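The structure appears below as structure tokens.
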Amino acid sequence: MSAVHKEPVAVVGIGQTKHAAARRDVSIAGLVREAARRALDDAELDWSDVEAVVLGKAPDFFEGVMMPELHLADALGATGKPVLRVHTAGSVGGSTALVAANLVAARLHGTVLALAFEKQSESNAMWGLSLPVPFQPPLLAGAGGFFAPHVRAYIRRTGAPPVVGSLVAYKDRRNALKNPYAHLHEHGITLEKVRSSPMLWDPVRYSETCPSSDGACAVVLTGRAGAARSPYPPAWLHGGAMRSEPTLFAGKDFVSPRAGRDCAADVYCQAGITDPRREIDVAELYVPFSWYEPMWLENLGFAAEGEGWKLTESGATALDGDLPVNPSGGVLSTNPIGASGLIRFAEAALQVRGRAGEHQVDGARRALGHAYGGGAQFFAMWLVGDRPPDA
């Protein structure tokens, strides 16, 4: 379908749960319904207004519930309606939003609910992500063991000083204090506490890695007519794309994956962005280990190769900097894996709607949401603005 014939897509409702290490007060069904109900309330809509539901989460074995979309259809008001399940590892939250947006853009459905979740307390993602013998020797422990060598490669390439990882974590954990939904609220956080925390996977320290969270996030997507009825300013989709590549292949660049670069280039082309550093006001990037902030700044074109860490060190990515990154606290402060990507997309939309509360970036008109998953093999991104794309 050509862009000329697509329906403009608007985000009119956003809802999150309170994220925590363990939400024992609710079942999985109760968790997802909490986020969905908040999104519908934000849009001043009810279950009957939703024409289709798109549900995303990471691998089923994280909770041990196979095909959760079957028993969650009723909880999400989807009985008798189309339900789609999306799974692209850690990027699934972003992919879920894009699948839902495409249903609206193609005019298949007028209003779509996109929701993603994880209840990590009911499983053990650390070892669930550690491949067993005979596929490989038992040398890795979770995602950190897989990605730490790539961080070391980045440091060797760029000469980045060791403090950069701690600066990112210190920034994001302070930002999280302004976000009531964030999992980690470390009121006594200091840079020295981050720098002196135990080493988990050299060079990634305990305080430079993401938590394990229970939580869900939902967004309501609609077209031009639905946006006109929205009680609050909508966020308009200006560009969205997904890209993938194999986990392992000869010549793969783990520091700056080709799929990530290509995904960003597609989104920028759709949105008419030629200088992301100056034309994008805020970015919600998928940073589960702090060193990935400077790495993604380069991969997504915000900084030249080898220069990403300098943006971080200069304070440009701070909440009061000229390119705030993860004002919500990011994945470093909240990580219900299946929902983490959708939270990035939702937080970007909150910024351009002017509804991000204490972590609102003044004057945010265009924001990027970013997610990656697997062995840095799946990427999903969208760019949203405060005006329709044709305005």
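Fair warning: this is a prediction, and the values are worked out from it, not measured in the lab.
- Taking the charged nitrogens against the carboxylate oxygens, Arg277 and Asp275 have no contact shorter than 4.0 Å, which rules out a salt bridge.
- Here the CG-CG distance, from Leu84 to Leu103, works out to 6.0 Å after rounding to the nearest 0.5 Å.
- Looking at Gln351, its side chain never comes within 3.5 Å of a backbone N or O of Arg366 through a donor-acceptor pair.
- Counting heavy-atom neighbours within 6.0 Å of Met67 CE, excluding the residue itself, gives a total of 12 or less.
- To the nearest 0.5 Å, the span separating CG on Leu311 from CG on Asp322 amounts to 8.0 Å.
- Trp382 places a side-chain N or O within 3.5 Å of a backbone atom of Phe345 that can act as its donor or acceptor partner.
- A side-chain donor-acceptor contact under 3.5 Å links Thr190 to the backbone of Lys193.
- Under a hydrophobic clustering in which Ile, Leu, Val, Met, Phe, Trp and Tyr are joined whenever their side-chain heavy atoms come within less than 4.5 Å, directly or via other members, Leu342 and Val352 fall into the same cluster.
- Salt bridge Arg353/Asp42: present, at least one basic N to carboxylate O contact under 4.0 Å.
- Centroid-to-centroid, the aromatic rings of Trp201 and Tyr206 stay 6.0 Å apart or farther.
- Side-chain N/O atoms of Ser213 and His183 include a donor and acceptor closer than 3.5 Å.
- Salt-bridge annotation for Lys252 and Glu245: present, with a side-chain N of the basic residue lying under 4.0 Å from a carboxylate O of the acidic one.
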Legend entry - Audit row: Lys119, Glu122, salt bridge (charged side-chain N to carboxylate O under 4.0 Å, His left out) steps and yes/no: CA-CA 6 Å; Lys119 211 165 189 291; Glu122 298 187 4; 3.0 Å; yes

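- The backbone N or O of Pro257 lies less than 3.5 Å from a partner atom in the side chain of Asn299, making a donor-acceptor pair.
- With ring centers used as reference points, Trp291 lies 6.0 Å or more from Phe147.
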Inset, instruction - For the pair Ser333 and Asp172, evaluate side chain to side chain donor-acceptor pair (under 3.5 Å) and give the outcome as yes or no after the intermediate values. - result: CA-CA 7 Å; Ser333 303; Asp172 284 4; over 6 Å; no

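- Ring-plane geometry between Tyr286 and Tyr372 is classed as perpendicular, the angle between the planes exceeding 60 degrees on a 0 to 90 degree scale with a lower cut at 30.
- Using modelled atom types, one side-chain atom of Gln270 and one backbone atom of Gly240 make a donor-acceptor pair closer than 3.5 Å.
- Proximity of a side-chain donor or acceptor of Arg344 to a complementary backbone N or O of Ser340 within less than 3.5 Å is detected.
- One distance of note links CZ of Phe249 with CD of Gln377; it measures 10.0 Å at 0.5 Å rounding.
- A donor-acceptor contact closer than 3.5 angstrom links the side chains of Asp214 and Ser121.
- A continuous path of ILVMFWY side-chain contacts below 4.5 Å connects Phe379 to Val325, so both sit in one hydrophobic cluster.
- Side-chain contact of Ser197 with Glu208: a donor-acceptor pair under 3.5 Å is absent, judged by distance alone.
- Remark: the backbone N or O of Gly30 is paired with a side-chain donor or acceptor of Ser27 at under 3.5 angstrom.
- With salt bridges taken as basic N to acidic carboxylate O contacts below 4.0 Å, one links Arg173 and Glu186.
- Salt bridge present: Lys310 and Glu307 bring a charged side-chain N and a carboxylate O closer than 4.0 Å.
- In summary, the side chains of Glu298 and Tyr154 do present a donor paired with an acceptor at a separation below 3.5 Å, with no hydrogens or angles considered.
- Linking Ile, Leu, Val, Met, Phe, Trp and Tyr residues whenever their side-chain heavy atoms come within less than 4.5 Å leaves Leu368 and Leu98 in two separate clusters.
- Shown here is Arg278, whose CZ atom has no more than 12 heavy atoms of other residues, nucleotides or ligands within 6.0 Å.
- Taking CE of Met199 as the start and CG of Asp202 as the end, the distance is 4.5 Å to the nearest 0.5 Å.
- Salt bridge present: Glu34 and Arg23 bring a charged side-chain N and a carboxylate O closer than 4.0 Å.
- One hydrophobic cluster holds both Leu297 and Phe289 under the rule that ILVMFWY side chains link at heavy-atom gaps under 4.5 Å.
- Between Arg243 and Asp262 there is no salt bridge, since none of the side-chain N atoms of the basic residue sits less than 4.0 Å from a carboxylate O of the acidic one.
- In this model, a donor atom of one side chain and an acceptor atom of the other lie less than 3.5 Å apart for Glu293 and Thr312.
- Counting non-hydrogen atoms of neighbouring residues, nucleotides and ligands closer than 6.0 angstrom, the CG atom of Asp74 reaches no more than 12 such neighbours.
- Taking the charged nitrogens against the carboxylate oxygens, Asp253 and Arg157 do have a contact shorter than 4.0 Å, which makes a salt bridge.
- Rounding to the nearest 0.5 Å places CG of Asn175 at 11.5 Å from CD of Glu358.
- When Glu284, Glu347, Gln16, Lys178 are each tested for a side-chain hydrogen bond (donor to acceptor under 3.5 Å, both in side chains) with Ser328, only one passes: Glu284.
- The aromatic rings of Tyr292 and Trp296 sit tilted relative to each other, their planes meeting at an angle between 30° and 60°.
- Taking hydrophobic clusters as Ile, Leu, Val, Met, Phe, Trp and Tyr residues chained together by side-chain heavy-atom distances below 4.5 Å, Val50 does not share a cluster with Ile14.
- Note on Arg37 versus Asp46: salt bridge recorded, some NZ/NE/NH1/NH2 to OD/OE distance being below 4.0 Å.
- For the pair Arg229 and Asp49, the salt-bridge criterion is not met [side-chain N within less than 4.0 Å of a carboxylate O].
- The line from CD of Gln120 to NE2 of His19 is 12.0 Å long, rounded to the nearest 0.5 Å.
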Legend entry - side chain to side chain donor-acceptor pair (under 3.5 Å) evaluation trace for Thr274 with Glu279: CA-CA 8 Å; Thr274 57; Glu279 296 177 79; 3.1 Å; yes

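- In this structure, Lys57 contributes its side chain and Ile337 its backbone to no donor-acceptor pair below 3.5 Å.
- With hydrogens and angles ignored, the 3.5 Å screen pairs no side-chain donor or acceptor of Arg195 with any backbone N or O of Leu191.
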